[in-house]
Engineer: 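Take this structure, written in structure tokens, and hold onto it; I'll ask about it next.
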Amino acid sequence: MGVDSADDAGVYRLDESTGLILTVDFFTPIVDDPYKFGAIAAANALSDVYAMGGTPLAALNICAFPPEDDKNMLREIIKGGADKVAEAGAVIAGGHSVRDEDLKYGLAVIGRVEPESVVTNAGAVPGDKLVLTKPIGTGLLSTARKKDAISEDEFEPAVELMLTLNNKASEAMIEAGANACTDITGYGLLGHAGEMAIASKAGLAIDVFSVPLLPLARQCAQNGNIPGGAKKNRDHFGKFVDGDPYDEACWGILFDPQTSGGLLISVPESKADDLMTQLQKESIDAAIIGEVIPEPKGRIVIRS
Ligand code: CO
Ligand code: CO
Ligand code: CO
């Protein structure tokens, strides 16, 4: 599986029983604490492996570092990343750094999956329930925090959420026999849901009031703390969306770019309760947010 399917990662079939998952992600700091930035970047990069139903094996650091910056800070970032990779049961195998104006950090990750167990974003079947495993709002809260519109304490739930691996959610989805999955990252809930609808040649109906939100996410959107990425996402993916949410702030929420967001899982209706029970057992703040419908193919229908 390669670049043409707009899926979370590439998959290379090594032999009958082994597929290698390949993915890479890096970005500029979204939190002040260098250790937490490293850990969030790692959780985010690892997420694409979990979204494919795989297990991470090893990762390589990618770092762009301004020459005048404190070397201690770089060590903290790398340590945060390494600890998160270790939590995922994988190892750091090396990496590469360059000097650059803007600090950037992330990882290339390799994972494994049995070829017949790959969970793509193309398998959603009409009648499936859609389960989201993390609340939305990391982009809104990050934007509000940068403008000092919310305090460090108010931002903390977003940081905790971004630090959380999608490993347990991925295990639960495999156990439940999910038909399709993607993780919610830069394109926001509707962008990634739109990619699933297109790849699956089905419609995705989303109940706006069922979408779980971080505390203050709605307030941030109402106060105009909407990231530039949300507007770009709406410009690009808005044409795949039918229906209107009940207010303008809602668009900001539904297109909010997530960092290290949750999994969007398409699961047979008969398995949805089992999946929800298992996610709750793992203390995952998941919700059923809609369903897969036969028409309109390749589109999102907003219900509110
Ligand atoms: Co992804
Ligand atoms: Co992706
Ligand atoms: Co990615």
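Every number for a ligand or one of its atoms is a count from 1 in the order of the listing.
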Engineer: Looking only at N, O or S atoms, find the one in Asp48 nearest to the Co ion (ligand 1) and name it.
Structural biologist: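 Minimum-distance N/O/S atom of Asp48 relative to the Co ion (ligand 1) is OD1.
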Engineer: Taking only residues two or more places apart in sequence or in another chain, which ones pass salt bridge (Lys or Arg N to Asp or Glu O under 4.0 Å) with Glu87?
Structural biologist: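 Partners of Glu87 under the salt bridge (Lys or Arg N to Asp or Glu O under 4.0 Å) test: Lys84.
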Engineer: Quick test of your reading: applying salt bridge (Lys or Arg N to Asp or Glu O under 4.0 Å), list the pairs with at least one residue in residues 265-281, sequence neighbours left out, ordered by first then second residue.
Structural biologist: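 As it turns out, there is no salt bridge (Lys or Arg N to Asp or Glu O under 4.0 Å) pair with a partner in residues 265-281 once direct neighbours are skipped.
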Engineer: Provide the atom name of the closest N, O or S atom of Asp8 relative to the Co ion (ligand 1).
Structural biologist: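 The Co ion (ligand 1) is closest to the Asp8 atom OD1, counting only N, O or S.
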Engineer: Taking atom CD as the centre, does Glu282 end up with more than 12 heavy-atom neighbours from other residues, nucleotides or ligands that are less than 6.0 angstrom away?
Structural biologist: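 Yes.
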Engineer: So does Glu291 pair up with Arg303, basic N to acidic O under 4.0 Å?
Structural biologist: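 Between Arg303 and Glu291 there is a salt bridge, with a charged N closer than 4.0 Å to a carboxylate O.
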Engineer: Answer yes or no for Asp7: is there an N/O/S atom below the 2.8 Å cut-off from the Co ion (ligand 1)?
Structural biologist: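 Given the 2.8 Å cut-off, Asp7 does not count as a ligand of the Co ion (ligand 1).
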Engineer: Please name the atom of Asp183, limited to N, O or S, that comes nearest to the Co ion (ligand 1).
Structural biologist: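 Of the nitrogen, oxygen and sulfur atoms in Asp183, the Co ion (ligand 1) lies nearest to OD1.
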